[in-house]
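Notes to accompany the following structure.
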Amino acid sequence: MTRELYRQVASITEEYLGPAAERFISRQISFHLDKKPQELTADDLPKLTEWTKVTFGLLTEDRHMIDEYTNRMMQLGRAENV
Amino acid sequence: MSKKTLPYIAITALWLGYVTLSLLSPATANNPYHLTGWSMILVRATIFIPILLVWLIALDGALAFKHYSVLVQKGTESRGISLITNGLFWSLGYIIFIGLSGAILPYFLHTNYAKLAIILRDHLPAALTLIAFYLLYQGSHQLKQVANFTTWTRSTMGAFAMYLVFAMGFVLAFAHNMGAAANPSNPNSSSILHQNVLLFTLVLPYLAAWFMGLLASINIVKYSRQVKGVLYRHALANLVRGIWGIVAFAVTLQVLTFATRFLLGLSLASILILIYVLLILYAMGFVFIRSSAKKLTRIEAVE
């Protein structure tokens, strides 16, 4: 399940960062959550989303894109918790 | 001396060697316009500074892309990016060689090595370009593992048809005009090697290299349009411009050099202006590549 969640997060991120997505998400998880990517759980998603929102802000000034990405990550978190 | 500054120091040292060799060049060598000593030095000096800047800018762009390629060496795109990086360094080698060879050749013109030096001066740029554009093409081809695109679409066929017309015209011009503008003060390989030999050692390698440069440029455009990731595609935009700039510069410069040396006899003023334009194009290509590499590196490094 956790591996599947990581795959879904990477898949969403890939639409913004292309082939860099998996490396980006792996760095975010290990750096901010102190976990291995495969250990990602639904409970981690709010914190991960907050950090990726901050990090995305360093890559683009497009607020609409940042909000869109954040919303998709939060929707994923809600779906996982249902 | 830090490891990062070493390549810049090496390039500057090469440039100093190039300037010294040019300024001390034998007076009888390559002065078809009968310029006086000081006029010749001034004309050459207007080229020296831009050449240093172009070499440094090109090195900076290639190193920035090399830095990015190291960051993605475990990714699916790593093979393609690595080959493109090598292609950029061979392109840098080409532009350095044409500067240095022009400065060194006059010293060999009245020695037993004159013919060898002339043949190397004429052929090594073709070999360097062939290697550079082959690597760029192979790199762009490898990127198909990341984004699913087809090289041979209708637009590529159209570009290929136009290239075929150009290539046939180039070969015909070579066949009919070779040696017509022979200049004893500026000797070339046509007075040493037979025309049929030059067709296979010079003309066809250039045509093959230019064709691969064209395909590499087309592939990079297709990759930048097909690959996933809106931010990634934005970062790639300048890589596309950079590759196009380098290929366009190299092809135009080589056609011009070939025509000047083997077929025609253009005036010094028109050659100088064109050289400036081509140098700017070349440098701009690497400026774009540096910009793209910085954006791509930021994606890989941000935490």
Side-chain angles (χ1 to χ4, degrees), chain A residues 3-4 6-40 44-76, chain B residues 64-85 139-149 219-240 243 289 291-303:
Chain A
R3 196 178 283 271
E4 172 62 15
Y6 168 70
R7 196 195 59 75
Q8 286 178 307
V9 168
S11 177
I12 291 172
T13 311
E14 191 181 18
E15 290 182 35
Y16 301 88
L17 299 182
E22 279 208 31
R23 295 186 292 268
F24 174 83
I25 284 297
S26 294
R27 278 199 314 278
Q28 295 293 309
I29 293 169
S30 58
F31 196 77
H32 298 298
L33 304 179
D34 201 21
K35 281 184 165 186
K36 290 178 181 169
Q38 304 89 323
E39 295 168 354
L40 183 72
D44 298 322
L45 280 179
K47 191 178 177 184
L48 179 65
T49 305
E50 278 305 306
W51 277 113
T52 51
K53 184 178 182 179
V54 171
T55 316
F56 251 57
L58 300 173
L59 298 175
T60 179
E61 292 175 356
D62 187 339
R63 300 304 310 173
H64 174 73
M65 191 189 298
I66 296 169
D67 290 342
E68 182 190 81
Y69 175 69
T70 310
N71 288 337
R72 292 180 69 184
M73 290 281 278
M74 288 196 299
Q75 278 173 11
L76 181 64
Chain B
F65 208 75
K66 172 74 180 171
H67 178 58
Y68 167 67
S69 77
V70 172
L71 290 175
V72 300
Q73 61 187 347
K74 288 180 182 170
T76 47
E77 75 275 44
S78 67
R79 177 100 179 113
I81 295 296
S82 175
L83 285 165
I84 290 171
T85 307
S140 70
H141 185 74
Q142 288 288 328
L143 292 176
K144 285 179 180 174
Q145 291 179 0
V146 185
N148 189 21
F149 63 88
N219 277 348
I220 294 285
V221 170
K222 289 175 183 283
Y223 174 70
S224 74
R225 287 179 182 165
Q226 296 294 325
V227 70
K228 281 185 182 175
V230 62
L231 286 173
Y232 182 76
R233 285 198 298 271
H234 283 170
L236 277 180
N238 279 340
L239 176 68
V240 173
I243 297 286
I289 281 171
S291 162
S292 181
K294 291 287 176 189
K295 286 179 184 172
L296 290 165
T297 299
R298 194 184 302 163
I299 292 175
E300 297 297 334
V302 74
E303 286 175 341

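Labels below follow one simple rule: chain letters A, B, ... track the order of the sequence lines, proteins then strands, and each chain is numbered from 1.
- The nearest pair of heavy atoms linking B:L231 to A:F56 is CD1-CE2, 3.9 Å.
- Between B:K228 and A:E22 no salt bridge is recorded (no basic side-chain N to carboxylate O distance below 4.0 Å).
- How far OH of A:Y16 is from CZ of B:R233: 11.5 Å, rounded to the nearest 0.5 Å.
- Nearest approach of A:P19 to B:Y223, heavy atoms of both residues: CG-OH, 3.9 Å.
- When atom types are taken as modelled, the side chain of A:R23 and the backbone of B:I299 share no donor-acceptor pair closer than 3.5 angstrom.
- Of all the heavy atoms in B:A301 and A:R27, the pair that sits closest is N-NH2, 4.0 Å.
- More than 12 heavy atoms of other residues, nucleotides or ligands sit less than 6.0 Å from atom NZ of A:K35.
- Residue-environment remark: NE2 (A:H32) exceeds the threshold of 12 foreign heavy atoms within 6.0 Å.
- Residues B:V302 and A:Q28 share a closest heavy-atom pair of O-NE2, 4.0 Å.
- The CZ atom of B:R298 sits 10.0 Å away from atom OG1 of A:T60, with the distance rounded to the nearest 0.5 Å.
- The parts of B:E300 that come within reach of chain A are both its backbone and its side chain, each placing non-hydrogen atoms under 4.5 angstrom from that chain.
- The number of heavy-atom neighbours closer than 6.0 Å to NZ of B:K144, taken from other residues, nucleotides and ligands shown, is above 12.
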